[in-house]
Amino acid sequence: KTAKVALEKWINSRWFAPSEFKKYNQKGSFTSVYAAYFTYDADTTTQYSGQRGDHYTVTVGSGDDAHTETRTDWTHVSGTVTDLFDDVAVLANTGFDQDKVTKLEPWPTHDAKPYTPQYVAGHLCRTYDNDAEECFPVAKAVMDAQIESTIRRDIGGDEQRISSKSTVFHSLLYKHLLLPIWLLTVVYDGRPFQVFINGMTGEVQGQRPWSKVKIAAAVVAAVIVAVIIAVIWSRSGSGTS
């Protein structure tokens, strides 16, 4: 019931979606799916070198031409940072809109329970299409981005340049999880559109078609309003003169 309420709110807030799309109760398939995920834990140490940039201002020119300019003083830096990663989640299934499903995060993975058949009874349950090794590059990209942010914080200053970095993984663990998603699929104009709901948090992300008729009507309405404002302004200006 909670998932349907969240879905109804999301659908009704898509102002420029076709009216037919909003009739998802008649045209759509609403199902519960356990999607396959791999999550990764890691303990890393990274050595880096780069430059720290500190801004300062100088006054140049004289008289009426005097003005200030911002310049940057660069100094060489190097150091070591550590990062801990806990449950970096990667979808292991194909056939889903990867960007939309990623936006369902974060998942409360610490609430996960050991597998039992009772949990998946009555629900579609996907096995993984990509294994842990195939999914790891996605997780590593997330880790690399966080490591770079840690390095920039460690460098400090107003700007940072990273010349080199070398990361050592002291430990790398993974878990295979099944995470619950409510999935709405609506076929509109011969194309499938999917809406996803995080079965734990209620977060909604999805695809929707655009109504050309509604967009055209909105454009026409905007033009009419602009013309009315222009006419009023013109008449007001004429009366003042």
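- Aromatic rings of F38 and Y128 (six-membered ring for Trp) have centroids within the 6.0 Å cut-off, being under it.
- H55 and T70 share no donor-acceptor pair across their side chains, judged by distance under 3.5 Å alone.
- D86 contributes atom CG, which lies 8.0 Å from atom OG1 of T39 (distance to the nearest 0.5 angstrom).
- For the pair Q205 and K100, the tightest heavy-atom approach, listed with the atom from each and the gap, is CB-O, 3.5 Å.
- Taking 4.0 Å as the cut-off between side-chain N and carboxylate O, D87 and K175 count as a salt-bridged pair.
- Proximity of D97 to F196: side-chain heavy atoms (C-beta onward) are separated by under 4.5 Å at one or more points.
- Side-chain contact between L172 and D41 is absent, with no heavy atoms from C-beta onward closer than 4.5 Å.
- The shortest side-chain heavy-atom distance between Y37 and H176 does not fall under the 4.5 Å cut-off.
- Two residues are said to be in side-chain contact when any heavy atoms from C-beta on lie closer than 4.5 Å; Y56 and D73 meet this criterion.
- T82 and T150 make their closest contact through O-CG2, 4.3 Å (heavy atoms, listed as atom of the first residue, atom of the second, distance).
- Taking all atoms of both residues into account, the shortest heavy-atom contact from T127 to A36 is C-CB, 4.0 Å.
- A distance of 5.0 Å separates CD in Q146 from CG in D83, rounded to the nearest 0.5 Å.
- The closest side-chain donor-acceptor pair between T167 and T46 falls under 3.5 angstrom.
- A cation-pi arrangement is absent between R152 and Y48, since the terminal nitrogen or guanidinium carbon is not both under 6.0 Å from the aromatic centre and inside a 45° cone about the axis.
- When all heavy atoms of H170 and T44 are compared, the closest pair comes out as CD2-C, 4.1 Å.
- Pairing each heavy atom of G53 with each of T72, the nearest pair is CA-CG2, 3.6 Å.
- Looking at I162 and Q51, their side chains never come closer than 4.5 Å, going by heavy atoms from C-beta outward.
- Contact of the M143 side chain with the F169 side chain is registered, since non-hydrogen atoms from C-beta on lie closer than 4.5 Å.
- Residues L91 and Q98 meet the side-chain proximity criterion, which asks for heavy atoms closer than 4.5 Å.
- In this pair, Y40 and Y174 present their aromatic rings tilted. The plane angle is within the 30 to 60° band.
- For the residue pair H76/S49, the side-chain donor-acceptor check at 3.5 Å is not satisfied.
- Between K103 and D99 there is no salt bridge, since none of the side-chain N atoms of the basic residue sits less than 4.0 Å from a carboxylate O of the acidic one.
- Taking 4.0 Å as the cut-off between side-chain N and carboxylate O, D54 and R52 count as a salt-bridged pair.
- The minimum heavy-atom distance between H123 and S32, with the atom names listed, is ND1-OG, 2.6 Å.
- Salt bridge present: R71 and E69 bring a charged side-chain N and a carboxylate O closer than 4.0 Å.
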